[in-house]
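Convention: sequence-line order gives letters A, B, ...; per-chain numbering from 1.
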Amino acid sequence: METSSVIKPKDGSAILMVGTVKGAFLLTADAARQRWQLSGPHFPGHVVYALAYDGRVGRRRIWFSSAHYAFGATLRASDDFGRTWTNPESHPVKFPEDTGAALKQIWQITPGPDSQPDTIYCGVEPAALFVSRDAGTSWSLVRPLWDHPHRPKWNPGNGGMCMHTVLPHPTDPKRMLIAVSAAGVYRTDDGGATWTANNKGLRADFQPEKYPEFGQCVHKVDRHPARPERYYLQNHGGLYRSDNSGASWKDIGKGVPSDFGFAMVAHPHDPDTAYIFPLEQEMRCGPDGKVRVYRTKNAGRSWEPLTKGLPQKSTYETVLRDGMAADSLHPAGIYFGTRSGKLYASANEGNSWQLIADGLPAITCVKAVGIGEQRSAKTAARRIAVKRAPVKKAALRARPKK
Amino acid sequence: MPEEVLTITFIIPSYLRVHARGQSQVEISISATTLAEALAALWLAFPGLRDRVLDEQGQVRQHVNIFVGDDNIRDCGGLAARVSDGCEIMIVPNIAGG
């Protein structure tokens, strides 16, 4: 591992953005993703819950939230891969005075669809959605969601009253899905003017009513960019898939050692593939002292453990809800970071793993991207079309053996 | 009768000095009777300090302590604490654990 003050990725490289409880780290590697260069800690001592890469309209901007234990949470950005960062005089994301609320933490930063290159969203604690329409210069609270009649009845999970998932539709700017612990999934189809609870079929084991309209402790949701009506969801107990934009959810939790966990990652190119890191409920660690990622390649009908290169004995690791990510390269890189500060990478879709950093502070967040190959709906749709095209037998015979 | 002009010295913690042109102490002459009025003058001179000391509801952040002289303002009226000519106002983060 090479350590430097700043990473220098080239086109076709992967970038890993890692948030910890004591600062952020940036890593890069070429397309082979075997040798990594690391910079950081950026803003040592700050809690970093959210990072994002904005590659729209030629930008190469990294966003991250930094929360100082005394002086509050703010948003920073770098256009030179961490050589310099903004440090705004005024915290950009602030609750209006009439709400009586004060920002505790920024949990999620999500660029809007490609058709709105200056739109960016933040999901925050206390649970609320903020939007910027000028590429992050100014921010405003999405009032209809804040004023939703359900909101006073939402309850915080152990992590806080947080909006941890923000998923704008990749092509229709009027549609978006968000998730809150412990309120559940909400969706807008009209640009945020109205929001409906989308929790049909999601279990709430910790309540007398097991299938309420809202109140579920959803831990993470992810979607495939080229099949945006499909979502995968890791619940506080339960794995789910929706094929109708969240209107209803189907249990896909058979075949895993535990259906509890935090992270959920959709494959960047294949809508039938997703990754989870199952945890047992008491310790919130991988069951049986093993470090195992589970993968489905058939939309949740079955799951397989991915263990090559991962400890399989007396190892107790926790991966938080934003602690796992996929890049946009081919084959897809899959990554996860643990609360014990270990960062693992797979350059072959999870088939084998490599420990690429150890001894980091507790990892809260891992985000990944391929430079010059950002995960866009158009690109992903093209790749799926290629994948589904009929393959001639002669072409199959000509394929080299792996 | 003209209001009395006070000279107040603010002690700036190291983390916030980037927002106070690197200064550890800032002396400001103002007409003020309360801490809130004194701080308003400080924000005017150094706007980057405000959001780091107060939240968006105007409350002193939970883990920030402000002393007027030797007194923690939480024990003497909060932002309504009285200030006087020549007093020192110290802004300091709570001691943190690991």
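A salt bridge links B:D51 with A:K94: at least one charged nitrogen is closer than 4.0 Å to a carboxylate oxygen.
Residues B:V64 and B:N94 are not in side-chain contact: their nearest non-hydrogen atoms beyond the backbone lie 4.5 Å or more apart.
Heavy atoms from other residues, nucleotides or ligands lying under 6.0 Å from CZ of B:R74 number more than 12.
Residue B:F46 does not touch chain A at all, counting heavy-atom pairs closer than 4.5 Å. Interface remark: B:L49 contributes no atoms to any contact with chain A (heavy atom separation under 4.5 Å).
Counting heavy-atom pairs closer than 4.5 Å to chain A, the top residue among B:R61, B:R50, B:H63 is B:R61.
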What's the verdict on side chain to side chain contact (heavy atoms under 4.5 Å, CB included) for A:L145 and A:M163, showing C-alpha distance, side-chain angles and the deciding distance?
CA-CA 11 Å; A:L145 185 56; A:M163 182 178 293; 3.5 Å; yes
